[in-house]
Amino acid sequence: MDTTQKIALGSIVVGVAVLALKSVAYLLTGSVALYSDAAESVVNVAAAIGAFVAVRVSATPPDRNHPYGHHKAEYVSAVVEGALIIVAAGAILNEAWNAFQNPRTFELTPLGLAASLAASAINAAWCLLLLRRGRALRSPALVADGKHLLSDVVSSVGVLIGIAAALFFRQPWLDPAIACVVAVNVLWSGAQLVRSSVGGLMDEAAHDDTVERIKAVIAANADGAIEAHDLRTRQAGRLTFVDFHLVVSGDMRVTDAHDICDRVERAPHAEDADMIVTIHVEPDNKAKHAGIVVL
């Protein structure tokens, strides 16, 4: 089990612990806002399980039916997580609406407050770890989980502030109103997560900074070639796929052209082990003089 899978498995353990604490907080207080907080944690656990399965699948080596690997499984997980978040928002709004129609009394007990604060502290710490390690490991599933938890932490803090205000001003309607605000925040985070993950499924290009770095590496290591053009990139989980046309002299020997390609392919891979380079060699009459000049 690699590092990414171990972190994903840790998310399940953390999610269950946080769900238990938030459920205790809700049961001790009867607050609809704390119910909304606990409902989001149910999604966190489901999403963590999905992320773990996704990183396990993405780590599977390429096979006959998937010669490019299984890395996009992480994007599928992130899309599913976004959909689950949206469903959770609907459940929270439904509970809040019922509370508006049938106002309930609630009490912020010391034990309930302590349980909610402990859950938020655990979520905040794990969120920071997921975002930092997810970006370092280029794992869309871990980053998606981290962003979701960040939204959860913000919601939890807002819930506690709102509940305190409702009790202080003796306005029970603030409790379901806060739950509605939480639901909107959850809905927004889910929509953003789905949007970013769909970009990966649609073969979104690498970041502009990455593309510029690739161009510089090609230019620095393609001695003997004339130019490189039609550069394309796409992201697939941790992998970055790069392909382009490399123009060489029409009378160059195949062996020499092959040596140049080997050198150019090794250079980006030396900087980034998750970069896969494919080169199409062309004679000089195919030069466009609009690409990467490597003379």
Side-chain angles (χ1 to χ4, degrees), residues 1-19 40-62 66 68-88 119-156 185-186 188-207 209-210 233-241 272-276:
M1 186 180 294
D2 62 19
T3 303
T4 304
Q5 294 177 52
K6 289 177 181 177
I7 295 174
L9 184 59
S11 287
I12 299 175
V13 176
V14 170
V16 171
V18 169
L19 172 59
E40 187 175 2
S41 289
V42 173
V43 178
N44 289 351
V45 174
I49 294 172
F52 177 69
V53 172
V55 296
R56 290 276 290 182
V57 172
S58 69
T60 306
H66 305 88
Y68 290 98
H70 303 76
H71 301 281
K72 286 192 176 183
E74 293 198 38
Y75 289 118
V76 175
S77 168
V79 170
V80 171
E81 181 172 348
L84 287 172
I85 292 172
I86 292 171
V87 170
S120 296
I122 293 172
N123 259 352
W126 193 251
C127 160
L128 293 175
L129 184 144
L130 283 174
L131 290 174
R132 185 176 68 251
R133 297 297 292 151
R135 286 165 182 158
L137 295 168
R138 294 186 179 179
S139 171
L142 293 186
V143 172
D145 212 12
K147 288 181 177 179
H148 180 198
L149 286 187
L150 178 60
S151 173
D152 192 15
V153 171
V154 173
S155 296
S156 297
N185 179 61
V186 170
W188 173 255
S189 68
Q192 290 294 100
L193 185 53
V194 170
R195 186 197 64 79
S196 62
S197 301
V198 167
L201 289 173
M202 295 295 290
D203 286 336
E204 193 169 50
H207 192 274
D209 291 343
T210 302
T233 64
R234 66 182 178 90
Q235 294 290 149
R238 293 189 298 273
L239 294 183
T240 302
F241 288 92
D272 185 348
D274 292 322
M275 192 171 290
I276 309 299

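Keep in mind it's a predicted model, so treat the numbers as computed, not measured.
- Residues passing the salt bridge (charged side-chain N to carboxylate O under 4.0 Å, His left out) test with Arg135: none are found, sequence neighbours excluded.
- Every residue two or more places apart in sequence or in another chain that forms a side chain to side chain contact (heavy atoms under 4.5 Å, CB included) with Ala206 is listed here: Thr210, Val211, Thr233, Gln235, Thr240.
- Distance OG1/Thr4 to CG/Leu9: 12.5 Å, rounded to 0.5 Å.
- More than 12 heavy atoms of other residues, nucleotides or ligands lie within 6.0 Å of CZ in Arg234, so this atom counts as buried by the packing criterion.
- When each of Leu149, Ile122, Leu130 is tested with Val14 by the rule side chain to side chain contact (heavy atoms under 4.5 Å, CB included), just one qualifies, namely Ile122.
- Once rounded to the nearest 0.5 Å, the distance linking CD1 of Ile7 with CD1 of Ile12 reads 13.0 Å.
- Under the rule for a side chain to side chain contact (heavy atoms under 4.5 Å, CB included), the partners of Ser41 that lie at least two apart in sequence or sit in another chain are Val18, Leu19, Lys22, Asn44, Asp152.
- Between Val45 and Val16 the shortest heavy-atom distance is CG2-N, 3.7 Å.
- In this view, Phe52 satisfies the ring pair (Phe, Tyr, Trp, His ring centres under 6.0 Å) rule with no residue, not counting sequence neighbours.
- Scanning for side-chain hydrogen bond (donor to acceptor under 3.5 Å, both in side chains) contacts around His66 gives Asp63, His70, with sequence neighbours left out.
- Scanning both residues, Gly146 and Cys127, for their nearest heavy atoms gives O-SG, 3.4 Å.
- For Arg56, the side-chain hydrogen bond (donor to acceptor under 3.5 Å, both in side chains) partners two or more places apart in sequence, or in a different chain, are Gln5.
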